[in-house]
Amino acid sequence: MANNITIIGAGIVGIATASYLRRDGHDVTVVDMSPPGEYCSSGNAGILSPGSCVPIAMPGILGKVPGYLMDPLGPLKVRWSYYPRALPWLWRFINSTGRAQIEATADALSALLSQTFDAHLPLAKHAGCGDLIRQTGYVVVYDSEEACRGDAYAWKLRRDRGVICNEIDAAGIEKLVPALGRRFPRGMHLPEQGFVANPERLTKTLAQQFQRDGGVILQRKVLDIEIGERGPQTLVTDAGKLPIDTLVICAGVYSGEWSAKLGDPVPLEAERGYHVTFSDPGLELPMPVCSAQNKFFVTPMEMGTRIAGQTEFAGIEAEPDYGRADVLLAHMKKMFPQVREADSTRWMGRRPSMPDSKPVIGRATKFANAYYAFGHGHIGLVGSAPTGRIIADLVAGRKPNIDIAPFRPDRF
Ligand SMILES: Cc1cc2nc3c(=O)[nH]c(=O)nc-3n(C[C@H](O)[C@H](O)[C@H](O)COP(=O)(O)OP(=O)(O)OC[C@H]3O[C@@H](n4cnc5c(N)ncnc54)[C@H](O)[C@@H]3O)c2cc1C
């Protein structure tokens, strides 16, 4: 039976969800204060990796945090004024590193993310942008043999879940990515992974196709949700009220206020990250490269080469600190001394992150006409299309092809 469905958020999660719901014949309206794909989904590293099934908080993270914070080139920064707000989230983050929880999270993420190509490709091909999805594999590099050995558990988690990870030496790294030379003694090659060559164009092109297929996108800011006996019944927007039948929350970092309003408070935090894109880097990269220790990816995008990473806790609204982008620039020059810096651009985005590294996917606990698809943190691009397909299954009354219990909103 066709429903009237309203989605808040036209990031990659909202647009992939809208596309899958429209394929089922529903009348779908997406509401966003900005044009599609211009918030966090625009500037990410583009990685599409079932191998991202390893949680961000791993055993031993607590011991590493002081070193990260003290190092001016480190991957983590908490603004002093934000510590009191960040601490409860960081506490949960650190407390999600028990072995049993790590294994269960890796299982849940693996089930979701292993479907990424299968779920993305039909949407991208239908929209005429299948060329953006590249299955090249990628390389992870280490500064020392010892650092690689220190990540042994993370590699075991991946291998146990069917991800092919081939250990390589300096010559093997150079053979795959000649621009790296032999600067790194040890690395891993993940041949089955991939990337999106322009994440913003992907979201915008899917959004255009969704509209050609009869979907509606309204540029409005949602100010409130009015709740009636059956559940959410009206969106109050800056351009008037919108009656709703069924609601899906895909509002990225802003989703927490809406899920709380619907009776599901969740610990959602803005985990801010940065990128620098080099429009004419003078580099040939056949595949993305990841620095395991400094936690960034360098991706050969269609508009240039992009280095993306960093984690900054400063809240949603604080001004960007482009000093964090300069840290990425310094890493880029170290990894590729030959890089041409002219005409590089910088960006900051807010990952919608849960402390246990798992998104919130499923029905609201109190209302049958409301669904959640948010909180994907570092895996919003890779997890978006699989999530959209799950929401379409739930709305249609079909059983999703994975167990979604680990993603339920009331797990905290
Ligand atoms: C540096 C960096 C690198 C990353 N690299 C990767 C990667 O390689 N692979 C990967 O899978 N993920 C990556 N990510 C994460 C990924 O980008 C995010 O998880 C993903 O973009 C989240 O998508 P979303 O649709 O949930 O949110 P968003 O893209 O933030 O979209 C949410 C939308 O909701 C709208 N909205 C919110 N509130 C309202 C309101 N009140 N009214 C109207 N509209 C509203 C916003 O305007 C926005 O358009 C990276 C992130 C960063 C910062």
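Start at 1 and go down the list; that is how both ligands and their atoms are numbered. Position 1 is the first residue of the sequence; numbering continues from there.
Within the listing of ligand 1, atoms 26 (O), 27 (O), 32 (C) sit less than 4.0 angstrom from a heavy atom of Gly252. Short contacts between ligand 1 and Gly46, defined as distances under 4.0 Å to a heavy atom of the residue, involve ligand atoms 7 (C), 8 (O). Close contacts of ligand 1 with Ile12, meaning ligand atoms under 4.0 Å from a residue heavy atom, involve 23 (O), 25 (O). Every atom of ligand 1 with a heavy atom of Tyr254 under 4.0 Å away is listed here by number and element: 37 (C), 38 (N). Near Ile47, meaning under 4.0 Å from one of its heavy atoms, ligand 1 places the atoms 7 (C), 8 (O), 9 (N), 10 (C), 11 (O). Within ligand 1, counting atoms from 1 as listed, the ones closer than 4.0 Å to a heavy atom of Gly349 are 53 (C).
Considering backbone and side-chain N/O of Gly273, none are found under 3.5 Å from N/O of ligand 1. Polar contact check, Val222 against ligand 1: a nitrogen or oxygen pair lies under 3.5 Å apart. Polar contact check, Gly383 against ligand 1: no nitrogen or oxygen pair lies under 3.5 Å apart. Considering backbone and side-chain atoms together, Gly309 places no N or O closer than 3.5 Å to any N or O of ligand 1. For a threshold of 3.5 Å applied to N or O pairs, the pair formed by Val13 and ligand 1 contains at least one separation below that value. For ligand 1, the polar-atom distance check finds no N/O of His376 at less than 3.5 Å from any of the ligand's N/O atoms. Between Ile8 and ligand 1, no N or O atom pair is found at a separation short of 3.5 Å.
Look at Arg220 and you'll find a heavy atom under 4.0 Å from some atom of ligand 1. For the pair Arg351 and ligand 1, a heavy-atom separation below 4.0 Å is found. Judged by the shortest distance from any of its heavy atoms, Tyr274 lies inside the 4.0 Å radius around the atoms of ligand 1.
Taking each of Ala373, Pro352, Gly11 in turn, the one with a heavy atom nearest to atom 22 (C) of ligand 1 proves to be Pro352. For atom 35 (C) of ligand 1, the candidate residues are Asp224, Leu48, Asp32, Val382; the nearest heavy-atom contact is made by Asp32. If you check each of Gly377, Gly9, Ser41 against atom 18 (C) of ligand 1, the one with the closest non-hydrogen atom is Gly377.
Scanning the protein for heavy atoms near atom 5 (N) of ligand 1, the closest one is Ala45 N, 3.0 Å. Closest protein heavy atom to atom 36 (N) of ligand 1: Met33 CE, 3.8 Å. Of all protein heavy atoms, the one lying nearest to atom 30 (O) of ligand 1 is Tyr39 CD2, 3.1 Å. Nearest protein heavy-atom contact of atom 14 (N) of ligand 1 is Asn44 CB, 3.6 Å.
To the nearest 0.5 Å, atoms OH (Tyr371) and OG1 (Thr246) are separated by 6.5 Å. To the nearest 0.5 angstrom, Thr6 atom OG1 is 10.0 Å from Asp27 atom CG. With values rounded to the nearest 0.5 angstrom, Leu157 atom CG is found 7.0 Å from Cys53 atom SG.
Salt bridge annotation for Asp131-Arg201: present, with a cationic side-chain nitrogen under 4.0 angstrom from a carboxylate oxygen. Between Lys261 and Asp224, at least one side-chain nitrogen of the basic residue sits less than 4.0 Å from a carboxylate oxygen of the acidic one, meeting the salt-bridge criterion. Ion pair Asp151/Arg186 not flagged as a salt bridge, since none of the NZ, NE, NH1 or NH2 atoms sits closer than 4.0 Å to an Asp/Glu carboxylate oxygen.
Heavy atoms of His378 found under 4.0 angstrom from ligand 1 belong exclusively to the backbone. Contacts with ligand 1 closer than 4.0 Å are made by no heavy atom of Ser52, backbone or side chain.
Every side-chain hydrogen bond (donor to acceptor under 3.5 Å, both in side chains) that Ser42 has, sequence neighbours left out, goes to Trp347.
Within 6.0 Å of CD1 on Ile94 lie more than 12 heavy atoms contributed by other residues, nucleotides or ligands. A 6.0 Å sphere centred on CD of Glu284 holds no more than 12 heavy atoms belonging to other residues, nucleotides or ligands. Within 6.0 Å of CG on Asp343 lie no more than 12 heavy atoms contributed by other residues, nucleotides or ligands. Enclosure of atom CZ in Arg85 is not indicated, since only 12 or fewer non-hydrogen atoms of other residues, nucleotides or ligands lie within 6.0 angstrom.
Using a 30° and 60° split on the angle between ring planes, Tyr322 and Tyr274 fall in the perpendicular class, above 60°. Between Tyr83 and Trp80, the ring planes are tilted. Angles from 30° to 60° get that label.
Applying the salt bridge (charged side-chain N to carboxylate O under 4.0 Å, His left out) rule to pairs touching residues 358-380 yields Asp356-Lys358, sequence neighbours excluded.
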For this session: Show the numbers, then the answer: is there a side chain to side chain contact (heavy atoms under 4.5 Å, CB included) between Ile15 and Leu202?
Result: CA-CA 10 Å; Ile15 292 297; Leu202 176 71; over 6 Å; no
